[in-house]
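Residue numbers start from 1 in every chain, and the chains themselves are labelled A, B, ... in the order their sequence lines are given, proteins ahead of strands.
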Number of protein chains: 2
Amino acid sequence: MSDNGIEAVKLDGTGPVYDQIRRAIRDLVLNGAWPPGTAVPPEHALMERLGASRMTVHRALVQLAREGLITRRRRSGTIVANPPASHAMLDILSIPDEVRQLGQDYSFEILSRRDGRPSPEVAASFELKRSEQVAHLVTLHRSGGQPHVLEERVIHLATVPATAAERFETTPPGDWLLQHSLWSQAEHAISAVAAGERESGLLEIEQGEPCLLVERRTWNQNQPVTAVRLLYPGGRHRFIGRFGPYGAV
Amino acid sequence: MSDNGIEAVKLDGTGPVYDQIRRAIRDLVLNGAWPPGTAVPPEHALMERLGASRMTVHRALVQLAREGLITRRRRSGTIVANPPASHAMLDILSIPDEVRQLGQDYSFEILSRRDGRPSPEVAASFELKRSEQVAHLVTLHRSGGQPHVLEERVIHLATVPATAAERFETTPPGDWLLQHSLWSQAEHAISAVAAGERESGLLEIEQGEPCLLVERRTWNQNQPVTAVRLLYPGGRHRFIGRFGPYGAV
DNA sequence: ATTTGCTAATTGCATATGCAATTGTCTAGC
DNA sequence: GCTAGACAATTGCATATGCAATTAGCAAAT
């Protein structure tokens, strides 16, 4: 190829041209063909390649920049941006970062791990098919030595095959996944539950104490990536978000 | 005025012209000068009024439309949109709607109301100054006759003076506020707490049961509008949101 | 070696222009 | 009165063009 994979940019002929260009490039970024840091071809190159005017190409790129997928600078050109770490309240957040932001020491411990077909209980609780191969991990995160949050997670081995070889000795599963997989959609649910027998022991709280339960499932291009259940001791934690009526501020 | 308040559109001379236009119109919408339903002048009129080309005006309007502030239709023109009712998980949501969406009958009851300077307890719990005049309301919302959520709210009388004359006989305070005030920013906090003595009685649950506590404060142009604390019986409720790494889906 | 300045690549912005698509509104005919 | 059709207003999209702003990279000067 002459420069980058400019040949990979293909229009589908449906809808406005500027939007075809926008979607074509967006897809290349989202499916990993153009990883962060990749140079996006300059407007003139795309213009010739696609037979569109510069203004039309420009419009597509400006929009992608506003969406945060690419970064543009005069003369330097356009590069694929790093995915944003945090978006409003409930993003895929890094628990180590969260803890360190509070000025506490962070540590974690994998309490159990099992790879393969899920047990009936796990399958039911995460809405999996029993035929899907997953890694099932239970992790306790600590903040200043105290239990901070209890994490139970399944990772889909078909989507993230590198999981099988990873021991999670230095990086907890959530952070490792952020580096080794992409996600395009997530679903969150928040509820309040009472700590059960096992959870209360691990989190060192009283049985029946209120806890905040955050359940999150993540997909990339409709392929499931991971599902996680985070149990926070209630009194000690809150999630905060700030936004305006027309979107995040 | 000839048509609408087209004279109200004023550029501030800072930054790109299209963005000056965008901000000028956005501000008119956000501060209520152009309430929902108002006809935005057509592109040609703005173009003449502002001395910009049609494409430049167009660019500003297209962007506002994408942000959801205005709605555009060929031939009919452009009108100011209704503020979105729900944005991802934690929007300003209408509790009646929420209940009816579950197919239940909705009713509510104002348990107490007091207007004037806040008591020391209320001031502390909502972080108010004791000199601020507020209405303080406690409301119980019911779903199919059962307690659904307990609401405690203060409304700033200086920002929403119409509150003083409103009896909240047919519309609960949250919904009434949506119709009689604007907001430009909100802050949410979610946490899990155990039901106290008073709350458990009102919500008809056991004392100590886990509840989801949603605290929200709302401002319009840096003026406080309202602060509310919603207590949901834990087992029965969860908040759900769905989005991608680059924003809401 | 360091600085200084030039050049060219690249994006940002605005304009003028033309045509397409949608749809209120009005009119002519029945 | 009602309908079909013509007309015009309005937005949507794309192009061509020109200039401004930024800056990487190179060349010249010290």
key: Residue list, side chain to side chain contact (heavy atoms under 4.5 Å, CB included) with B:Asp12, at least two apart or on another chain   = B:Thr14, B:Gln20, B:Arg23
Neighbour count above 12 (heavy atom, 6.0 Å) for A:Asp105 CG = no
message = Walk along nucleotides 4-10 of chain C from 5' to 3' and tag each nucleotide B, S or - by protein heavy-atom contact under 4.0 Å, base first, then sugar-phosphate.
response = -----BB
task = Check the distance between C:dG12's C1' and B:Gln63's CD and give it to me in whole angstrom.
result = 14 Å
request  = Kindly state each residue pair satisfying salt bridge (charged side-chain N to carboxylate O under 4.0 Å, His left out) with at least one member in residues 46-63 of chain A, sequence neighbours excluded.
outcome  = A:Glu43-A:Arg54
ask   = Pairs in or reaching into residues 157-177 of chain A: which pass ring-ring contact (aromatic ring centres under 6.0 Å, His included), with residues at least two apart or in two chains?
value = A:Phe168-A:Trp176, A:Trp176-A:His180
key: Partner set under ring-ring contact (aromatic ring centres under 6.0 Å, His included) for A:Phe126, not counting sequence neighbours   = none
ask   = Among all residues two or more places apart in sequence or in another chain, which pass the side-chain hydrogen bond (donor to acceptor under 3.5 Å, both in side chains) test with B:Thr163?
value = none
message = Going by ring-ring contact (aromatic ring centres under 6.0 Å, His included), name the residues that satisfy it together with A:Tyr106, two or more places apart in sequence or in a different chain.
response = A:His141
Interface residues of residues 46-61 of chain A with DNA chain D (non-hydrogen, below 4.0 angstrom) = A:Gly51, A:Ala52, A:Ser53, A:Arg54, A:Met55, A:Thr56, A:Arg59
inquiry  = Using the side-chain hydrogen bond (donor to acceptor under 3.5 Å, both in side chains) criterion, which residues pair with A:Arg74? Sequence neighbours excluded.
reply    = none
note = Sequence neighbours excluded, the answer for side-chain hydrogen bond (donor to acceptor under 3.5 Å, both in side chains) partners of A:Thr159 is A:Gln223
query = Which of residues 10-19 of chain B sit near DNA chain C, with a heavy atom under 4.0 Å from it?
reply = B:Pro16, B:Val17, B:Tyr18
query = Mind checking what makes side-chain hydrogen bond (donor to acceptor under 3.5 Å, both in side chains) contact with B:Ser107, not counting sequence neighbours?
reply = none
key: Between P of C:dT11 and CZ of A:Arg66, the distance in whole Å   = 17 Å
